[in-house]
There are 2 protein chains.
Amino acid sequence: MESLSPAPTFCEPLDDDGLAEPTFLDRLFDQGLLVRTGVDGLYGRSGAFESVVEALDRLIGRLGAADNAEVLRFPPGMSRPAFERSGYLKGFPNLAGTVHSFCGHEGEHAKLLACVEAGEDWTAGQRATDIVLTPAACYPLYPVAAARGPLPAEGRLFDLQSYCFRREPSLEPTRMQLFRMREYVRMGSPDQVLAFRESWLERGTQMIRDLALPLAIDAANDPFFGRAGRMLANNQRAQGLKFELNVPVNSVEKPTACLSFNYHQDHFGTTWDLVQADGEVAHTACVGFGLERITLALLRHHGLDLAAWPEGVRRVLWG
Amino acid sequence: MESLSPAPTFCEPLDDDGLAEPTFLDRLFDQGLLVRTGVDGLYGRSGAFESVVEALDRLIGRLGAADNAEVLRFPPGMSRPAFERSGYLKGFPNLAGTVHSFCGHEGEHAKLLACVEAGEDWTAGQRATDIVLTPAACYPLYPVAAARGPLPAEGRLFDLQSYCFRREPSLEPTRMQLFRMREYVRMGSPDQVLAFRESWLERGTQMIRDLALPLAIDAANDPFFGRAGRMLANNQRAQGLKFELNVPVNSVEKPTACLSFNYHQDHFGTTWDLVQADGEVAHTACVGFGLERITLALLRHHGLDLAAWPEGVRRVLWG
């Protein structure tokens, strides 16, 4: 397995004015680009904001078009049995969102309404459904791919996008609880999936450069839960399984992961009995694009007025 | 207040072949247009299916473009306090989906994983967050609009679209638990909002005719919960507050509401202290488009091969 050679990195300083009060988030609210809902990390988006998200989504599609990925779109919730089997609860129990519903009759309904009226907790009677919010665009995919039987010799490539949920309320606009992730997912041999990841390290870096954003590619780890999680995180980083393309958005010290490049080894293949054409367990890799995060990076570096963005950037986005 | 005069209606018979085994849903799975997840009403969508959803979304935008609606996009979850105040729990407690999360430490995490491992219920420790799944695209809008103060004299018009959740598992492909709703919402005087609804009854009818689908416009009611709900439903229907544009999809006897035209009177205005320029409580109305439902109607009537759809329909959708 060849080692990865990330593209050379650079990182320009942020204009410090942007970090003073009002905060970047305040300015996004003031301009109406994001809309307050009263919940940190849960925002409405303006038409202008959405026009950037949509342009990025199309741009990523163009960059990947030659690969002929199979397009699948899943809703923002997934099957709970599939979620349980995925192993997400081992690593990130605190980030998951389960969907619960009311199963009572009229008597219980009257009590529920009395609780709401009195400002008391009415949620104790809610029961877990068989749906969990999607934590990453690729999670619903693996069981679907495995159900098709062994991979063909050339493996498979999927193109995904969905709203994802992570329970981490924050005042950093780049850390939303509900956000959209575009993803390409490659399944096949270790060589196939590593070559895929390598190609997207190049394409993704070029894309962000074309958008005139400063960037750095860094080895990274997922935010595994608890003390045991720290070891997982260290292993992941040491083995070069995860790289992130970081752009300073909220601060220079803590830049924001806008793209991530992940080699899962045989984790999902083993979990889902997904095998290659020769019967060997499949390896998988994905590249994920944080559509809101890249949008916020563009707004942070090029300003809140889209019409005033550099002509070259506008051309990349809108032709 | 003038009475509504819905457009003349007609309804052609469905080709009976489509109702025999395999069911329409089975055929959608077989063709890969929808993808099984193991949960009824929760499906993946193919690229072809999505291309229709996207074309419909753009078509609706073109039909409404002259009105210069303000575009806002909310994620598929909304603030729980806003949801509680909205009154949704009075009418539809059984359809709501609350989002719950794990708040424990490592000891509780170990127990949770042991439950998952043993196939036991691990969700008892999940706690309700301040997020509820969006039940209709307009629900997050009202508090946002009210926070801006009194409406201008001409009122306001919003353009919304989001994934919505309704807890009603079903094998009818038109009854999904997570689906997308495009909506225009008008706020103003009774005359303003009724004129808006009238104009969309015409536009919506013409749109569905242009798509060569049979339709009927019918007085309708929301599926209010319980015995008390039946009275609400009867009142809503008798007062002509809700019309639906129905297209036979699963059957001729129970056609599918693909568009709905709703006059809320002062319900949301009173709930959210939303007032007109003169201080009178605002009235609201909305037109909602079920994007998956219209897509399914097209697939049902024009066939599962998009390339073989009537040329006129393809031109309406893709120019």
Side-chain angles (χ1 to χ4, degrees), chain A residues 35-39 42-47 49-50 70-79 81-82 84 89-90 93-94 96-106 109 112-113 116 121-123 126 128-131 133 140 143-144 147 159 163 165 167 176-179 225-228, chain B residues 35-39 42-47 49-50 70-79 81-82 84 89-90 93-94 96-106 109 112-113 116 121-123 126 128-131 133 140 143-144 147 159 163 165 167 176-179 225-228:
Chain A
V35 178
R36 285 184 181 86
T37 70
V39 176
L42 184 75
Y43 310 120
R45 284 86 161 141
S46 73
F49 191 98
E50 285 296 294
E70 176 179 344
V71 176
L72 284 179
R73 293 289 180 266
F74 292 94
M78 65 179 286
S79 138
E84 290 166 358
L89 286 166
K90 285 184 191 154
N94 50 322
T98 45
V99 178
H100 296 229
S101 73
F102 171 78
C103 305
H105 293 286
E106 297 194 48
H109 184 213
L112 185 160
L113 292 180
V116 173
D121 179 36
W122 56 272
T123 63
Q126 298 287 101
T129 68
D130 49 3
I131 295 178
L133 294 182
V144 166
D159 169 349
Y163 255 104
F165 177 81
R167 181 63 183 169
M176 294 187 184
Q177 296 195 60
L178 277 160
F179 59 93
F225 182 79
R227 269 169 305 170
Chain B
V35 178
R36 285 185 181 86
T37 70
V39 176
L42 184 77
Y43 310 120
R45 285 85 161 142
S46 74
F49 191 99
E50 285 296 294
E70 177 179 343
V71 176
L72 284 177
R73 293 288 179 266
F74 292 95
M78 64 179 287
S79 139
E84 290 166 358
L89 286 166
K90 286 183 189 154
N94 50 321
T98 45
V99 178
H100 296 229
S101 72
F102 170 79
C103 305
H105 293 287
E106 297 193 49
H109 184 214
L112 184 159
L113 291 181
V116 172
D121 180 36
W122 56 272
T123 64
Q126 297 286 101
T129 69
D130 49 3
I131 295 179
L133 294 183
V144 166
D159 170 348
Y163 255 105
F165 177 81
R167 180 64 183 167
M176 294 186 183
Q177 296 195 61
L178 278 161
F179 59 93
F225 181 80
R227 271 168 305 169

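Residue numbers begin at 1 in each chain, while the letters A, B, ... track the order of the sequences.
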Heavy-atom cut-off 4.5 Å, strictly under: side chain, backbone, both or neither for [X] against chain A?
X: B:Val99; answer: both
X: B:Arg36; answer: backbone
X: B:Leu89; answer: both
X: B:Gln177; answer: side chain
X: B:Phe49; answer: neither
X: B:Ala82; answer: neither

Chain B: which of [options] shares the most heavy-atom pairs with it under 4.5 Å?
options: A:Gly47, A:Ala147, A:Gly104; answer: A:Gly47
options: A:Ala96, A:Pro76, A:Gly38; answer: A:Pro76
options: A:Arg45, A:Met176, A:Gln126, A:Glu70; answer: A:Arg45
options: A:Glu84, A:His109, A:Glu50; answer: A:His109

Which one, [options], leads in non-hydrogen pairs under 4.5 Å with chain A?
options: B:Leu112, B:Asp121, B:Asp130; result: B:Asp130
options: B:Asp159, B:Val144, B:Leu113; result: B:Leu113
options: B:His105, B:Lys90, B:Met78, B:Arg73; result: B:Arg73
options: B:Ala228, B:Pro81, B:Gly97; result: B:Gly97
options: B:Phe74, B:Phe225, B:Phe179; result: B:Phe225
options: B:Ser79, B:Cys103, B:Pro140; result: B:Ser79

Between [X] (side chain only) and [Y] (backbone N and O only), is there a donor and an acceptor less than 3.5 Å apart?
X: B:Ser101; Y: B:Thr129; value: no
X: B:Thr98; Y: A:His100; value: yes
X: A:Arg167; Y: A:Phe165; value: no

Notebook entry, point to check: Any idea which heavy atoms bring A:Leu178 and B:Pro75 closest together, and the distance?
Noted result: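 Minimum heavy-atom contact is CB-CB, 3.8 Å.
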
Next item on the list: Kindly give the heavy-atom pair with the smallest separation between B:Phe102 and A:Pro93, and that separation in Å.
Entry: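 Smallest heavy-atom distance, with atoms named: CB-O, 3.5 Å.
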
Counting only non-hydrogen atoms closer than 4.5 Å, does [X] touch chain B with its backbone (N, CA, C, O), its side chain (CB onward), both, or neither?
X: A:Tyr43; result: backbone
X: A:Leu72; result: both
X: A:Pro143; result: neither

